[in-house]
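Counting starts at 1 for both ligands and their atoms, in listed order. Residue indices begin at 1 and follow the sequence shown.
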Amino acid sequence: MTAAEAPTPDTAPHLSAAARGDAPRVGVLGDGQLARMMAPAAVELGVELRLLAGRAEASAARVIPRTTLGDYRSVEDVTAFAADVDVVTFDHEHVPAEVLDALTAQGTPLHPGPEALLYAQDKLAMRRAVEQLGLPNPHWAAVHTVAELRDFGDDTGWPVVLKTPRGGYDGKGVRIIDSSASASAAQDWFDRAAEQGTGLLAEEKIPFTRELSAQVARSAVGEIRAYPVVESTQTDGVCDIVVAPAPRSHPTHMEDAASIARLIAEKLGVTGMLAVELFEITDGERAGVYVNELAMRPHNSGHWSMDGAVTGQFEQHLRAVLGLPLGSTAPIGGPGGRTVMKNLFGASASDLHAGVPEAARHAPEAKIHLYGKEPRPGRKVGHVNVVLAPEPGEVAVAAAELDRAQSRALHAAALITGTTTDD
Ligand code: ADP
């Protein structure tokens, strides 16, 4: 792998709009909440957002007037959609290589580009790249059979985390194999992988203290800005609560995490928002941060920035893919400020709006974001942000204050999703 060359300034997609004398046009493939949340930022920047959506009722299609219905897996649909936009970007990583190739052949600027995107699409390719860059991986191997999985587990220690290299999200495609005896339970995954001509990714189970996420934006002309590293708490393998910047920060781990994200953005030639999910071990021989996975788009661990940073990640993504100068990533509450983000998951409430008045009364400081999605159990349907600044005379938000804010964010979320009706 070679370091990608940063494109020269004259390739900035916003310049083709300027030559036309018109607003820049950004085309988005993928119709979920990430595309939806680009809309307010596009309105503010005067950017025309266009969407290729699978369904008219999809989260993003409900709010983006210039929506075309089509299939992101169809070369015909995507090339027609992209014919007169200045740049194409994504709200997920699942666009097939032949579609990306067709866009490149058509001359449509793509951000992130296909060479970079591969490392967010394929976890085996990502592990190899992280290794070649000399960055910290968990112990890992590509395994093709139950016997290879057993060898890996016997060498590295059980349990083993087994992953499908492609197509997983929110913990789907991740399985814990407890022991050599239970390895045969993974035979179905090996059969499916063999049909697709690939292997599976086996990883040691990292005894992490907590999970972190380091986000950076890299623009189409190579400018980079890093966001503060955040702490992300997962429930059942899914991002649930984020505290930004990460509290109780270790003297070097936060800097390490941020440098890893910068290096990956630069060396892999990522454009747009990049999230590097990391495991942190705070003490002992293996203290440090380890790369978990990469996302090349706005990411759940960056939703805090919509209210808690000078430039939210959705605005930053649009700036980056257009090659515009990037915005400040400073926290609104200053370096000692904090934002708590709590995800809303579908639960008992069938109408999320019914709970909003009570949640808003309970926590007027909470910023409520709903995605216009049907609240099926466990589905991400929104989030709330609570932004805190230090008390006058204090350098940082006190731990007790952060705990109180977190409880209020959790309670507001529960009132909306119908998990509780207590006050
Ligand atoms: P997805 O792509 O579905 O988000 P991840 O690879 O991020 O899947 O894994 C989901 C979660 O599973 C992680 O956030 C972490 O909590 C846990 N996990 C994944 N890999 C490991 C590992 N090697 N060691 C310990 N926990 C892991």
For Glu204, the ligand 1 atoms with a heavy-atom partner under 4.0 Å come out as 22 (C), 23 (N), 24 (N)
Run the numbers for me: atoms of ligand 1, each under 4.0 Å from some heavy atom of Lys123, listed by number.
1 (P), 2 (O), 5 (P), 6 (O), 8 (O)
Shortest protein contact, atom 3 (O) of ligand 1 (heavy atom only)
Gly171 N, 2.6 Å
Can a non-hydrogen atom of Phe208 be found less than 4.0 Å from any atom of ligand 1?
yes
Location of contacts on Val174 toward ligand 1, heavy atoms closer than 4.0 Å
side chain
If you measure from atom 22 (C) of ligand 1 to every heavy atom of Thr164, Leu162, Val161, which option wins on shortest distance?
Val161
At less than 4.0 angstrom from any non-hydrogen atom of Glu211, what atoms of ligand 1 do you find?
13 (C), 14 (O), 15 (C), 16 (O)
Phe279 N/O to ligand 1 N/O under 3.5 Å
no
Taking only non-hydrogen atoms of Gln234 and a 4.0 Å limit, the atoms of ligand 1 in range are 14 (O), 16 (O)
Candidates Arg175, Lys163, Glu293; heavy atom nearest atom 6 (O) of ligand 1 found on Lys163
Atoms of ligand 1 less than 4.0 Å from Lys172 heavy atoms?
3 (O)
Which residue supplies the protein heavy atom nearest to atom 10 (C) of ligand 1, what is that atom called, and how far is it?
Gly237 O, 3.9 Å
According to the interplanar angle, ranging from 0 to 90°, do the rings of Tyr227 and Trp304 count as parallel (below 30°), tilted (30 to 60°) or perpendicular (above 60°)?
perpendicular
Mark whether atom 25 (C) of ligand 1 lies under 4.0 angstrom from at least one protein heavy atom.
yes
Hey, do the aromatic rings of His362 and His411 have their centres closer than 6.0 Å?
yes
Please report the closest heavy-atom contact between Val229 and Met254, naming both atoms and the distance.
CG2-O, 3.6 Å
Under the side chain to side chain donor-acceptor pair (under 3.5 Å) rule, what do His317 and Thr89 come out as? Steps first, then yes or no, please.
CA-CA 9 Å; His317 188 71; Thr89 190; 2.8 Å; yes
Quick check, are the ring centers of Tyr371 and His383 under 6.0 angstrom apart?
yes
Check: Ser219 main-chain N/O paired with Thr271 side-chain donor or acceptor under 3.5 Å:
no
Would Tyr72 and His92 count as a ring pair (Phe, Tyr, Trp, His ring centres under 6.0 Å) here? Give the steps.
CA-CA 10 Å; Tyr72 66 84; His92 61 70; 4.4 Å; yes
Show me which atoms of ligand 1 lie under 4.0 Å from any heavy atom of Asn292.
5 (P), 6 (O), 7 (O), 13 (C), 14 (O), 20 (N)
Under 4.0 Å to a heavy atom of Lys205 - the qualifying atoms of ligand 1, by number
24 (N), 25 (C)
Is the ring centre of His139 less than 6.0 Å from the ring centre of Phe152?
no
Count the heavy atoms of every other residue, nucleotide or ligand shown that sit under 6.0 Å from CD of Glu255, and state whether that count exceeds 12.
no
Atom pair OG/CD of Ser232 and Glu211 - distance to nearest 0.5 Å
5.5 Å
